[in-house]
Every structure is written in C-alpha cells, then in structure tokens.
2 protein chains.
Amino acid sequence: MSLRNALLAMLTSQPMTGYDVYKNFQTSVGYVWHAPDSQIYPELRRMEQDGLIRGETVPWGKRGTKKRYAITEAGVESFQAWLNTPPEYQRERDPVRLRAAYLEWAEPEASSEFFTAHIAYHSARIEDWKDMIRTLRDHSNPTLAKRIEGKASGEADRITAYKVFAYEGMIARAEAEIAWAERGLELVETLERRG
Amino acid sequence: MSLRNALLAMLTSQPMTGYDVYKNFQTSVGYVWHAPDSQIYPELRRMEQDGLIRGETVPWGKRGTKKRYAITEAGVESFQAWLNTPPEYQRERDPVRLRAAYLEWAEPEASSEFFTAHIAYHSARIEDWKDMIRTLRDHSNPTLAKRIEGKASGEADRITAYKVFAYEGMIARAEAEIAWAERGLELVETLERRG
DNA sequence: GGGCACTAACTATCGTCATAGATAGTTGGT
DNA sequence: ACCAACTATCTATGACGATAGTTAGTGCCC
C-alpha cells in the first residue's frame, strides 16, 4: 500500500508520466521510497482504475504520445486519509543486526570489513541526503519547485520544512548506524585480539 | 535468503523443532528476524533437502512424534560463508519518513499523534531489548545458555558480547528515532500554530 | 542516415512476506 | 471424561518486491 501512497505523494507536485515518476524516485521521494518501472506502471493503471489519478494522453515528439497522470480529488483525500491514520508497525527484519549477533562465527577480518563497509555505506548516503536537503532549501529541486509554485512564502516554507525534516531523520538514522559500527570495530578489536 | 541464515543462526545453539524455532523468534534471534510458522516449516524442509540441516523424528508424549532439526557441518560452513561475505544493501523503503515528508497534507493533530505514537512504539521496543540484554548478560536466555554450554568462560563472554552488541545497536537506532520524533513534535508545533 | 543515449512503456519469473486459515496430538485442570 | 491451552505441523492465497529482460519512439551528434 505504500507504493501507492508514495506515488500519490509525488503526484501532489505535478502531473507525471510513469517514466517521470520512475526518474523522480531518484530525487524527490526517491530516498524514502523506491520502485522499479515494472512495478510503477501497473500500479499507476490500478490507481487510475480506482479513481485516485487520471491519465491523459499527451503528444510526445513528432508523432509519439505519452500518458501523463494527475492526482484526482479522490486521490488527495485518500492520501490525506492515509496520513491522518497512524502507521501500523511491522516486525522489522534487520540483516545487519542478525549478522552482528553471530560474528563469533566469522573471520575477524571479515567482521572488521563488515563494519567498515557499513560506515562507508551510510556515510555515502548521508552525503546524498545532505545534497538533497540543499536542493530542498534553495528550492532548486524541480519537484518541490513545482509543488510550491504560486504558494505564499510561509506556506512554501512549511511544505519545504517537512521534507527537510524527513531527510534530517534519515541522516540522524545513518549517523546512529555509523556510531554503532565504529563501536563494532572496537569490539572486534577487543574480542578477537585477545583470544 | 536471510530467513535461511536466521534459521541457521538459531540452530547453532541447539537442535530444534519447527515450533521451537517459531517460539524462539520471540526470544533469541526474534528481535532481529522473524517469520511465521507457515514460512518456517517449508524453509526447514528445503534446508534439509539442501543438506544444511538434518531432521530427526523424536518421541513426543505417549504416542506422538515431532521432528527436530540439527545444523550440519555444511550448514555451519554456509552460515560462515554468509557472515564472511559483506552484505549487499538494498534500497530501503521508509514509510515513516515518507509520511513525515508530506505532513503538510495532514491534520496537525494527526501529525502530533503520529510522532507521539512513534516515540511510544520505539520506547516499548527499547524496554524489550533492554530486558533481552539482561537475559543475555546473566546467561538466563535459554538459547544462549545452550550455545555457551561447556564453553570456556572467555569464549562464552565473546559469544555473548556480540549478541549484546547487536541489541545495543537496535536500542541506539530506536533512540535516534525517538530523538527525531521529538523534534518532529516541535516542528509541528512551530509550523502549525503559526499558520 | 546511422548510432547512441534517453524517453516511454511493457512482460515474465520468482523470491519474500502477510495473513487466514486448517488438522491433530499432548498436557493439565476440573 | 471433557475442555482449554499449548505443542506441532500444515495449506492456501495474495501482496510486495527483485531482476531480467523486451519493444519502440525521440533527439542529438557525427
């Protein structure tokens, strides 16, 4: 159900083709949700069938066409209803902690490498998200720009603030991962050098 | 693939029936992985077929039997191979951040409630995990007790340390979530009272 | 015009996971 | 003996998601 909501979220900015949506999963919503094109297109068709979005065939190039989807009023209401309903938490599966809990079976070098790679992964993610926050703050992100187009400046700031906050949350989370993994490196050092 | 590794991890402690495994997903590995019984039993059968575990039918009550699975040498090697191979990261989907990024569409009361519930959820998880750490530290956790049975005390400490560390990682993560959600409450207060 | 990269959209297969059951034996309490 | 809770195991259905393709049009550069 959350792919549907991610798609609705994205379409609140502006109408888009399936391909726009796919590319946008690299930018606006992209870091909090993702789907390959093979999942996007069928879902957009289902949503259209359900009345949440409306597709319009528009010209593309000399003779071609493409289909652009716009969110409907029912789509906005559905999205709002989702936002106004507290999330249900599912039991999470954490391959990284599963691994960490059983490192007594691993090679010490592999354990260190795991934590080092974990730090690298999350550090790179943080850079991505900091860039993202920059483009949100200066309104250079195209999707956000479209979303706040014509809005009063207070309202534009409000809309922007929630998105910045979401990315800050992702950074905070990644920072916690890095701190934990650094302790992991120390733990391996301690446990495996002494044995 | 990680259900398989979670099952192998669990079976490094002692042989278990499918039901033992299912119940144990509430205790030892339970907080880093989970599967319902309907997924456990078929996977155990597949693993047996693949030679990673060996099933033995044992008496149960007056006339009944149950099947207990033990990890094989090949199973241990497969588990170690997994541990010694760095994890591949998948694009994560974060329904909570998706929600946060679009709260401009939500009722302010619902937004506050969302953050409040998020804090409550993670606080409760932290309590669970702290309890878990206690049972790991004092070796009262039955699965860990079985795992370290007959081990030298240094080795027992080492095995325990990794598990404690994994749970500390989960707590650290939950604490970051709580801190973020608290900032979220402030943000809602700021953005929605002023408008 | 040809080729390449991009835009636009699609099919297929299968793994992972959620959920709703179901059957049947064992144990312990009344 | 009966019943409820637990132990033990299973089937079925469908949603969600990964991956590996595919076709075809557009635009730009050589």
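Values in this document were obtained by computation on a predicted structure and should not be read as measured data. Naming convention: chains lettered A, B, ... in sequence-line order (proteins, then strands); numbering from 1 in each chain.
By the ring-ring contact (aromatic ring centres under 6.0 Å, His included) test, B:Tyr121 pairs with A:Tyr89, sequence neighbours left out.
Checked against C:dT26, D:dC10, C:dA8, the side chain of B:Arg45 finds its nearest nucleotide in D:dC10. When the nucleotides C:dA9, D:dT26, D:dC10 are ranked by their closest atom to the side chain of A:Lys62, D:dT26 comes out on top.
Rounded to whole Å, atom C1' of D:dT11 lies 16 Å from atom CD1 of B:Ile40. Rounded to a whole Å, the CZ atom of A:Arg46 is 12 Å from the C1' atom of D:dG17. Note: CG (A:Leu7) to C1' (D:dG17) measures 14 Å, nearest angstrom. Protein atom OH of A:Tyr19 is 8 Å distant from nucleotide atom P of C:dC6, rounded to whole Å. Look at CE on B:Met16: it is 14 Å from P on D:dT7, rounded to the nearest Å. For the pair A:Asn5 CG and D:dA15 P, the interatomic distance rounds to 16 Å; values are reported in whole Å. If you measure from atom OH of A:Tyr22 to atom P of C:dC6, you get 12 Å, rounded to the nearest angstrom. D:dT9 atom P lies 9 Å from atom CG of B:Leu44, rounded to whole Å.
For the residue pair A:Thr17 and A:Asp20, a side-chain donor N or O sits within less than 3.5 Å of a side-chain acceptor on the partner. No side-chain donor-acceptor contact under 3.5 Å links A:Thr160 and A:Asp157.
No more than 12 heavy atoms of other residues, nucleotides or ligands shown are found within 6.0 angstrom of CZ on B:Arg54.
Of the side-chain N and O atoms in B:Trp60, none sit less than 4.0 angstrom from OP1 or OP2 of C:dT26. Look at A:Arg63 and you'll find a side-chain N or O under 4.0 angstrom from OP1 or OP2 of D:dT26. Between B:Tyr41 and D:dT9, a side-chain N or O to OP1/OP2 separation shorter than 4.0 Å is present. Contact annotation: A:Lys23 side-chain N/O to C:dT7 OP1/OP2 distance is under 4.0 Å.
Between B:His122 and B:His118, the two ring planes are perpendicular [angle over 60°; tilted spans 30° to 60°]. Below 30°, between 30° and 60°, or above 60°: for B:Phe114 and B:Trp180 the angle between ring planes is above 60°, a perpendicular geometry.
The pair B:Arg158-B:Glu155 counts as a salt bridge, with a side-chain nitrogen and a carboxylate oxygen less than 4.0 angstrom apart.
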Protein N or O to nucleotides 16-20 of chain C N or O, pairs below 3.5 Å:
from, atom 1, to, atom 2, distance (Å)
C:dT16, OP1, B:Met1, N, 2.3
C:dA18, OP1, A:Arg93, NH1, 3.1
C:dA18, OP2, A:Arg93, NH1, 3.3
C:dA18, OP2, A:Arg93, NH2, 2.7
C:dA18, N7, B:Gln39, NE2, 2.8
C:dA18, N6, B:Gln39, NE2, 3.4
C:dT19, O4, B:Ser38, OG, 2.6

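Of the two residues contacting DNA chain D, namely A:Gly64 and B:Arg68, the nearest-nucleotide position lying further toward the 5' end is that of B:Arg68.
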